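Just so we're clear, the structure is a prediction, and the values are computed from it rather than from any experiment. Proteins come first, then strands; the chains are lettered A, B, ... in the order of their sequence lines, and each starts at number 1.
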Amino acid sequence: MEKICYPDNVVFREEPEGGILFNVDTGELKLVEGVAWGICDFIEKRLLRDQILQKLRELYPDETEIEKDLDNFLEELVEAGFLLTEE
Amino acid sequence: MNIPPLKHLYVNPAGDCNLACKHCWIAPRRSEIPFQTRDRLETEFSPEQFSGILDQAVELGLTNLKFTGGEPLLRSDFTELYRTASEHSSNLIIDIETNGTLVPGGLWDVFEEHPPGSVAVSLDSVTAEEHDDFRNTPGAWKRTVAFTEELVDRKISTQIIMSSVTFEVQPVLEMAIFCRDTGVSSLKINPVQPIGRGKRLLERKTSIRTIISFADELHRRCGMSVIVDIPPAFLPLNRIKNSGWCPIHNLLGILPDGGISFCGIGFSCSELVMGNFLQDDLEDVWSDSDLLKKLRLQVPAEFEGICGNCIHKNRCLGNCVMQNYYSSVDFTSTYWMCREAEETGIFPQTRKIKPDA
């Protein structure tokens with residue numbers, strides 16, 4: 001899971017309280033807040049998975065499970081059809 | 001086309017009401033004596049007949065039943081209707097919407113045996129004079145407050161529904177304090193709709209900008225304890241998850257004469273009555289009604305205007321399809337608040353499928 005991006009039918013919108021992932025074909029919505037919102041913003045800016053991990057480690061140096069949490073979240077997005085990955 | 005489960009029944013045992021509220025969307029006939037229940041009319045379904053439709057509805061997937069109206073507690077045999085429903089299926093959640101001014105015989109006993117899921121009581125002001133004026137009935141406030149306190153004492157989940165015409169924040173804040181002090185579970189604010197008597201009331205036009213500001217202010221000052229019933233496009237993200245929307249694709253309304261409609265809209269639009277459960281098989285209506293087929297086909301796939309371009313359309317479903325139908329005789333037309341927001345340029349761009357260029 002190196003390169004990650006939103007599929008063509010998924011848009012990411014940002015608001016003052018968080019972000020919205022929206023699948024224009026299915027109408028599915030996912031609301032993201034906090035760290036998840038930040039990760040979605042990094043994906044929108046086309047950062048690679050490792051670059052996002054690096055950013056999170058800088059932001060949360062005391063978090064020991066950050067890599068696992070990131071991968072779980074990305075997996076969740078993939079399963080819900082909000083994210084594409086390439087090795 | 002897939003036929004969804006029928007999860008919700010809105011049951012209207014009485015077509016009339018003992019109050020004559022200025023905003024009522026159904027505008028029912030007023031009963032003769034303000035604070036007295038009455039016997040079942042010959043034209044109204046009986047508890048035995050009601051049992052028959054429950055058998056069929058449970059087969060179709062029924063999980064939630066709401067007694068509403070007209071005033072459901074107007075009927076002196078309400079307790080029998082309630083008992084019939086509550087003993088029908090242990091999994092059935094039964095809610096009640098009432099003005100809280102009537103107590104049919106045996107009500108508290110049957111609530112003790114079979115507690116309702118929740119009871120929503122209409123109360124429009126912490127001031128008796130204002131509430132009674134809005135409800136066109138002196139003495140209503142005192143009875144409604146006593147009814148609410150009794151519900152809370154009996155640990156029944158209780159919601160106050162407050163109608164707002166003026167969209168002033170202060171009266172809501174006062175009501176929120178009343179709810180907190182009384183122990184009421186939640187406070188829901190219903191903007192008056194331009195339907196039935198509410199249509200005349202809203203002629204003193206309130207701008208959509210005022211309604212949105214009103215909701216924002218309440219969210220800021222009251223947090224999650226106050227629910228303002230406006231479309232999700234106008235809610236901040238942290239509010240959307242906890243908001244409920246009309247389950248129109250999984251819902252039928254039962255009218256006092258056994259008529260089957262989408263909800264209480266059958267009171268106002270007789271062309272939306274699809275059958276009568278006293279003669280028709282409910283499953284046949286649910287699967288074969290041309291009106292239901294049309295609704296399933298058009299909502300939300302063929303929504304017009306801003307509703308068709310809204311990212312919430314699959315869940316919001318036009319906020320109130322029947323309100324939209326009432327104003328345009330079309331299931332696909334746009335909800336009035338969203339249309340006005342779009343026309344005045346304040347519909348949030350982030351909530352549009354295709355934002356303006």
Side-chain angles (χ1 to χ4, degrees), chain A residues 4-47 52 55-56 59-60 63 65-66 68-85, chain B residues 2 4 212-213 215-220 223-224 228 231-249 296-303 306-319 321 332 338 341 346-357:
Chain A
I4 50 178
C5 63
Y6 297 126
D8 290 341
N9 60 351
V10 169
V11 293
F12 176 60
R13 302 275 167 75
E14 288 194 84
E15 296 193 358
E17 308 86 9
I20 307 169
L21 286 168
F22 174 61
N23 184 318
V24 293
D25 293 336
T26 65
E28 289 283 316
L29 279 183
K30 184 173 180 65
L31 308 179
V32 287
E33 296 165 292
V35 181
W37 175 18
I39 294 170
C40 288
D41 188 39
F42 289 143
I43 298 170
E44 177 78 355
K45 290 173 176 147
R46 316 291 288 188
L47 266 65
I52 295 174
K55 292 263 186 197
L56 292 176
L59 288 166
Y60 306 100
E63 287 289 336
E65 306 246 302
I66 206 139
K68 190 175 129 200
D69 291 346
L70 171 64
D71 286 339
N72 285 345
F73 178 64
L74 296 178
E75 195 58 44
E76 189 186 313
L77 294 184
V78 171
E79 283 176 14
F82 287 115
L83 193 66
L84 290 176
T85 65
Chain B
N2 282 341
I212 294 170
S213 301
D216 285 348
E217 176 81 5
L218 287 174
H219 292 158
R220 255 196 315 277
M224 295 293 178
V228 185
F234 307 121
L235 293 175
L237 296 180
N238 60 1
R239 281 262 162 184
I240 291 175
K241 281 180 280 191
N242 299 321
S243 297
W245 317 113
C246 175
I248 189 68
H249 283 308
R296 288 167 190 154
L297 195 70
Q298 294 188 330
V299 174
E302 297 179 15
F303 272 160
I306 185 61
C307 285
N309 189 28
C310 176
I311 66 173
H312 299 288
K313 68 177 178 180
N314 283 29
R315 191 169 167 213
C316 171
L317 300 173
N319 199 62
V321 176
T332 67
C338 300
I346 58 170
F347 193 94
Q349 292 295 322
T350 54
R351 306 296 174 92
K352 290 183 179 179
I353 294 171
K354 291 181 184 165
D356 299 345

Which answer fits A:Val24, side chain, backbone, both or neither, if we ask what part of it has an atom under 4.5 Å from a heavy atom of chain B?
side chain
When rounded to the nearest 0.5 angstrom, what is the spacing between [atom1] in [X] and [atom2] in [Y]?
X	Y	atom1	atom2	answer
A:Ile20	B:His312	CD1	NE2	5.5 Å
A:Phe22	B:Asn314	CZ	CG	7.0 Å
B:Ile353	A:Asn23	CD1	CG	10.5 Å
A:Glu15	B:Leu237	CD	CG	4.5 Å

Minimum heavy-atom separation for [X] and [Y], please, with both atom names.
X	Y	answer
A:Arg13	B:Lys352	NH1-O, 2.5 Å
B:Ile240	A:Leu31	CB-CD1, 3.8 Å
A:Glu14	B:Thr350	O-CG2, 3.6 Å

Partner chain A: residue of B:Pro348, B:Pro355, B:Pro300 with the largest heavy-atom pair count (under 4.5 Å)
B:Pro355
A:Asp8, CG atom: more than 12 neighbouring heavy atoms under 6.0 Å:
no
Short side-chain to backbone donor-acceptor contact, B:Arg315 and A:Glu28, under 3.5 Å
no
